[in-house]
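Taking it in order: structure first as structure tokens, then the write-up.
Every chain is numbered from 1 and lettered A, B, ... according to where its sequence line falls, protein lines coming before strand lines.
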Amino acid sequence: MMEKKNDLLEVLQKATGALIGILSLALILSLGAAYLFFFYKPSPKPILAKQETATPVAKVEAVAPNAENGTVDEETGFIIDTGWELAKANCTNCHAATLVTQNRATREGWEGMIRWMQRTQKLWDLGENEAAILDYLAKNYAPENKGRRPNLTDVEWYELEGTK
Amino acid sequence: MNTRRSFLKKSFLGSQALVWGVPVVYGSVAPEKYPFVGKWLADPEMLPGKNAGLKVLGERPWNIETPPHLLDDKVTPADKMFVRNNGLMPEAIDVANWSLTINGESAKTTKSYSIAELKSKFKTYTYQLTIECGGNGRAEFNPPAKGNQWEVGAVSCAKWTGVRLKDILMDVGIKDDAVYIGYYGKDVHLSKDPKKVVISRGVPISKALEDETLVAWAMNGEDIPLANGHPLRLVMGGWPGSVSGKWLSTIAVRNVVHDGEKMGGDSYRVPCEAVAPGEVVPDENMCIIEGMPVKSIISYPKTGALIKVGQTLPVRGHAWAGDKSVKEVHVSADFGATWQKADLEGPANRLAWQHFSAELELPATGYYEIWAKATDSDGKSQPMVVPGWNPKGYLNNACHRIAVKVR
């Protein structure tokens, strides 16, 4: 009888131990989840909330993509490459994405544009994201040597009617 | 009709997706509401009153150019007039309560006029005036210049109706030390900060006092389109479009060169002394652009014309020359080896563009480019190559050309 009681006690003790273990694990997991939920910042995170604008943002790429994988973001037309999300988050709050994608410049040239926007257009400090944005722009929107006069391209041929 | 239109649009989007190899996810969602950026203003409802064939460079702010073949009209219609905005267009315009204020250190007093007062107090004039964006042609500069990449179509010549700025300034009274005027408009800064001025440029007092310098409320006999400055704007032909302030509310008479937004730095300024392409130019070596250089466009035929051997090719277009007039226009089908003189009409009035036309005999089958070259009243012609590089890519007046094949 005593033995049985002891056995029962032992079982109960083991069960309690296991329960505490499970509860502790659950607690740790939920704390971890809570930590991730409240403190983890998915990269990239827009610095400002998306601005309320009556005009929908343009949807189609302005310039044929020259990225190696050839894909562009449907919302902005930005070439998908390292850093494109940071560019989207920081460069399309105030102006159309096409103001970026139709331009070509060196890293110094892009930095000059950022400084001008910070000086006169209320662009915020890009902090540690600046280097990544500049790398992205300098790689994907670099100048090409156009010479003094490029060839005529994208000509759509058609029959000219009504001539003698 | 509606069904056919949307079908056409869908197939157009579909073909784009094929070209870029990009899945156009929104294609089935809401393409009707989006401008076809980098291509054409697919849905004119995006900017009411504008032609579906215009090319959108950006929608925030709106910047739209007109392909040259859509500039064939002698008087540019409202739907084909380019748009160059620096900020957001004002909303809820109250024409009845709109006012123009004249102030500044060189105005004898400060006075405000309603639009009705402007109409009743001063004599009304109508002029056809060429307005060209200072950055028209920027896309061809090498190394590339920053900003909207205009090709050739940021130019227009509509009929403007309003009162002479000089009549208003005489009514207010200006002091002897007046050297410049500067305008202010009601557009909104892209940052939406109400304290920030979008653009406030101006001209020397001599340009302000010219007969053709108007404070206008009508274009081609109708209200000015909102994107082009409704209900009131300055219009000064022959100078960069940015001096013709839109949504006009104030004109300051200044005793110094106006120092408003976009009067300094690289804005609408070029190196006083020519520089090599790509050179860094210090601020103090930059000079404000005044009259635009001689230029022309071929508005007919559209580039890409196929004709049969033995057919004559009719060519026509417009030419303009800033404050000057155009003396002659030549066309070439052999890259400038030989030039043929075109017929040239006189301007409708000072500062209006002039029309030219020519008939070309193309001797054999093959690929041709038709080039047009205008010469101004001082004997200066358009260059065939892109002229002097400058940091912001202004004043590219290189000859326009179209491609033609004879078969």
Side-chain angles (χ1 to χ4, degrees), chain A residues 51-65 70-75 77 92-106 108-110 112-113 116 119-123 141 143-160 162-164, chain B residues 13 16 19-26 30-31 33-39 46 56-61 63 91 139-144 146-149 189-193 196 261 265-266 301-308 311-314 359 369 384-386 398 401-405:
Chain A
Q51 84 156 34
E52 67 301 349
T53 168
T55 313
V57 172
K59 291 293 171 179
V60 179
E61 165 63 323
V63 185
T71 55
V72 297
D73 173 40
E74 285 115 20
E75 199 181 335
T92 61
N93 285 277
C94 298
H95 60 71
T98 50
L99 205 47
V100 177
T101 56
Q102 65 180 306
N103 272 281
R104 297 288 180 274
T106 59
E108 292 69 37
W110 286 111
M113 282 183 250
W116 175 79
R119 210 165 53 238
T120 66
Q121 305 295 307
K122 303 196 81 175
L123 173 63
Y141 300 98
E144 291 156 26
N145 193 339
K146 288 183 281 192
R148 278 279 179 189
R149 215 71 217 266
N151 286 340
L152 295 176
T153 51
D154 302 327
V155 177
E156 290 170 16
W157 298 100
Y158 66 97
E159 298 283 349
L160 183 64
T163 57
K164 290 176 273 178
Chain B
L13 283 165
Q16 283 303 306
V19 168
W20 301 148
V22 178
V24 186
V25 172
Y26 52 85
K33 275 289 163 198
Y34 299 118
F36 209 58
V37 171
K39 290 287 168 183
M46 282 301 300
V56 179
L57 302 183
E59 83 293 349
R60 191 167 39 116
N63 281 293
E91 286 169 7
E140 281 199 286
F141 277 102
N142 178 33
K146 303 163 190 81
N148 284 292
Q149 299 297 302
H189 197 268
L190 289 176
S191 66
K192 299 205 173 168
D193 181 346
K196 282 198 83 77
E261 198 61 34
D266 290 347
K302 182 186 175 196
T303 190
L306 298 169
I307 61 169
K308 291 187 181 70
Q311 276 185 324
T312 302
L313 181 72
E359 300 221 318
E369 286 181 14
M384 289 185 72
V385 296
V386 178
R401 64 236 154 98
I402 58 164
V404 172
K405 269 186 197 171

Donor-acceptor pair, distance only, cut-off 3.5 Å: does the side chain of [X] make one with the backbone of [Y]?
{"X": "B:E369", "Y": "B:R401", "value": "no"}
{"X": "A:R104", "Y": "A:E144", "value": "no"}
{"X": "A:Y141", "Y": "A:W110", "value": "no"}

Heavy-atom distance under 4.5 Å between the side chains of A:E159 and B:K308, does that happen here?
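Yes, at least one pair of side-chain atoms sits under 4.5 Å.
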Check this for me: does any side-chain nitrogen of one of B:E140 and A:R149 sit under 4.0 Å from a carboxylate oxygen of the other?
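A salt bridge links B:E140 with A:R149.
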Side chain, backbone, both or neither: which part of [X] has an atom under 4.5 Å from a heavy atom of chain A?
{"X": "B:K405", "value": "both"}
{"X": "B:P301", "value": "both"}
{"X": "B:K196", "value": "side chain"}
{"X": "B:A139", "value": "backbone"}

With respect to chain B, which residue among A:T106, A:L123, A:N145 yields the maximal number of heavy-atom pairs within a distance under 4.5 Å?
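Top count of heavy-atom pairs under 4.5 Å with chain B: A:N145.
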Quick check on the interface: out of A:L99, A:T120, A:L160, who has the most heavy-atom pairs with chain B under 4.5 Å?
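Of the options given, most contacts go to A:L160.
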B:I307, B:L313, B:D193: which one forms the most heavy-atom pairs within less than 4.5 Å of chain A?
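Result: the option with the highest number of such pairs is B:D193.
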Could you tell me which non-hydrogen atom of B:A403 sits nearest to which non-hydrogen atom of A:L152, and how far apart they are?
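Where B:A403 meets A:L152 most closely, the heavy atoms are N-CD1, 3.8 Å.
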